[in-house]
Trainee: 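Dropping the structure in here first, questions after.
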Amino acid sequence: MEKTVSVNVRAEMEKLSPEQLKAVKEQTDLEVNLLQDSLNNIRTATTRLEIASSALHDLSLRPQGKKMLVPLTASLYVPGTLHDGHQVLVDVGTGYFIEKTMPQAKDYCERKISLLKSNFDQLVEVASKKKSISDEAGAVLQAKLKQLAPAT
């Protein structure tokens with residue numbers, strides 16, 4: 001099936017002028033770059049959630065009353081004391097936090113990681129298709145330019 005799509009795409013591209021092919025190639029290259037940026041963002045978010053899930057596990061093992069450093073930002077920590085290791089605040093985005101039990105928070109992280117990995121796989125597939133279209137447009141454009149070169 002994939003071969004047929006490629007043959008159909010190539011046949012359609014061969015009908016285009018060199019200017020149109022160049023525009024198609026530039027557009028698909030731009031889309032591939034945007035998809036790559038999205039893939040990097042998803043990868044970063046997944047890593048952050050995996051770190052958070054690990055931190056939840058570590059936190060659940062600490063005894064109540066344990067002194068610790070609490071992160072306010074990525075580089076700013078303040079001293080604190082663990083009062084209740086069974087309840088945590090979960091950042092659900094845009095500055096909103098929800099109080100959850102430790103198992104609920106772990107489940108939330110795992111569900112988000114699963115969703116991100118699913119989205120990542122779908123985007124990889126789309127990026128791959130766009131890249132092949134871009135490569136095909138480039139190949140057809142090169143062939144057309146070679147045909148035009150001896151005539152001029």
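Note that the structure is predicted; figures quoted are calculated from it, not measured.
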Trainee: Look at the side chain of S118 and the backbone N and O of S114, then say whether any donor-acceptor pair between them is shorter than 3.5 Å.
Mentor: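 Here the side-chain-to-backbone pair does not exist.
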Trainee: Can V88 be reached from Y96 by stepping across I, L, V, M, F, W or Y side chains whose heavy atoms are under 4.5 Å apart?
Mentor: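 The answer is yes; both residues are in one hydrophobic cluster.
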Trainee: Indicate, with yes or no, if M102 and M68 share a hydrophobic cluster defined by side-chain heavy-atom contacts under 4.5 Å among Ile, Leu, Val, Met, Phe, Trp and Tyr.
Mentor: yes
Trainee: What are the two closest non-hydrogen atoms of L141 and P18, and how far apart are they?
Mentor: CD1-O, 3.5 Å
Trainee: What I want to find out is whether E31 reaches K131 closely enough, with some N-O distance under 4.0 Å, to be called a salt bridge.
Mentor: no
Trainee: What heavy-atom pair brings A127 and V32 nearest, and what distance separates the two atoms?
Mentor: O-CG2, 4.2 Å
Trainee: Is there a path of hydrophobic side-chain contacts, each under 4.5 Å between heavy atoms, that joins L123 and I113?
Mentor: yes
Trainee: Are D29 and K25 ion-paired here, with the side-chain N under 4.0 Å from a carboxylate O?
Mentor: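 A salt bridge links D29 with K25.
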Trainee: Would you compute the distance between atom CG of L69 and atom OH of Y77 and round it to the nearest 0.5 angstrom?
Mentor: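 These two atoms lie 8.5 Å from each other.
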Trainee: Rounded to the nearest 0.5 Å, how far does CG of N33 lie from OG of S38?
Mentor: 11.0 Å
Trainee: Starting from the C-alpha separation in whole Å, work towards a yes-or-no answer on salt bridge (charged side-chain N to carboxylate O under 4.0 Å, His left out) for R62 and D58.
Mentor: CA-CA 7 Å; R62 293 184 184 229; D58 292 345; over 6 Å; no
Trainee: Any side-chain heavy-atom pair from T101 and H86 closer than 4.5 angstrom?
Mentor: no
Trainee: Could K106 and E110 be called an ion pair, given the rule that one side-chain N must be under 4.0 Å from one carboxylate O?
Mentor: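 Looking at E110 together with K106, the answer is no, because their closest N to O distance does not fall below 4.0 Å.
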Trainee: Could you tell me the separation between the NZ atom of K117 and the CG atom of L49, rounded to the nearest 0.5 Å?
Mentor: 10.5 Å
Trainee: Of the non-hydrogen atoms in M13 and L21, which two are nearest, and what is the gap between them?
Mentor: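 Looks like O-CD2, 3.5 Å.
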Trainee: How close do K130 and T28 get, heavy atom to heavy atom, and via which atoms?
Mentor: O-CB, 4.1 Å
Trainee: State, to 0.1 Å, how close L116 and A45 come at their nearest heavy-atom pair, and which atoms those are.
Mentor: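 The answer is CD1-CB, 3.8 Å.
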Trainee: Would a distance-only check, ignoring hydrogens and angles, find a side-chain to backbone donor-acceptor pair under 3.5 Å from Q64 to D84?
Mentor: no
Trainee: Indicate, with yes or no, if V126 and V124 share a hydrophobic cluster defined by side-chain heavy-atom contacts under 4.5 Å among Ile, Leu, Val, Met, Phe, Trp and Tyr.
Mentor: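 In one cluster with V124: V126, yes.
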Trainee: Do you know the tightest heavy-atom contact between D91 and Y108?
Mentor: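 Heavy atoms only, the tightest pair is O-OH, 4.1 Å.
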Trainee: Would the number of heavy atoms belonging to other residues, nucleotides or ligands and lying under 6.0 Å from NZ of K100 be above 12?
Mentor: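 Above 12, so yes.
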Trainee: Should E12 and K15 be marked as a salt bridge (charged side-chain N to carboxylate O under 4.0 Å, His left out) after you check the CA-CA gap, both sets of side-chain angles, and the distance that decides it?
Mentor: CA-CA 5 Å; E12 289 297 317; K15 296 176 185 175; 3.4 Å; yes
Trainee: Is T46 reaching over with its side chain to a backbone N or O of I42, donor-acceptor style, under 3.5 angstrom?
Mentor: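 Between the backbone of I42 and the side chain of T46 there is a qualifying donor-acceptor contact (under 3.5 Å).
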Trainee: Say whether, by atom type as modelled, one donor and one acceptor occur between the side chain of E14 and the main chain of A11 under 3.5 angstrom.
Mentor: no
Trainee: Just checking, is any N or O donor in the side chain of T47 or E50 under 3.5 Å from an acceptor N or O on the other one?
Mentor: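 The answer is no; no qualifying pair exists.
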Trainee: Decide yes or no for K66 and P63: does some side-chain heavy atom of the first lie under 4.5 Å from some side-chain heavy atom of the second?
Mentor: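 Answer yes - side chains close enough.
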Trainee: Do L56 and I98 land in one hydrophobic cluster if side-chain heavy atoms of ILVMFWY residues count as linked below 4.5 Å?
Mentor: yes
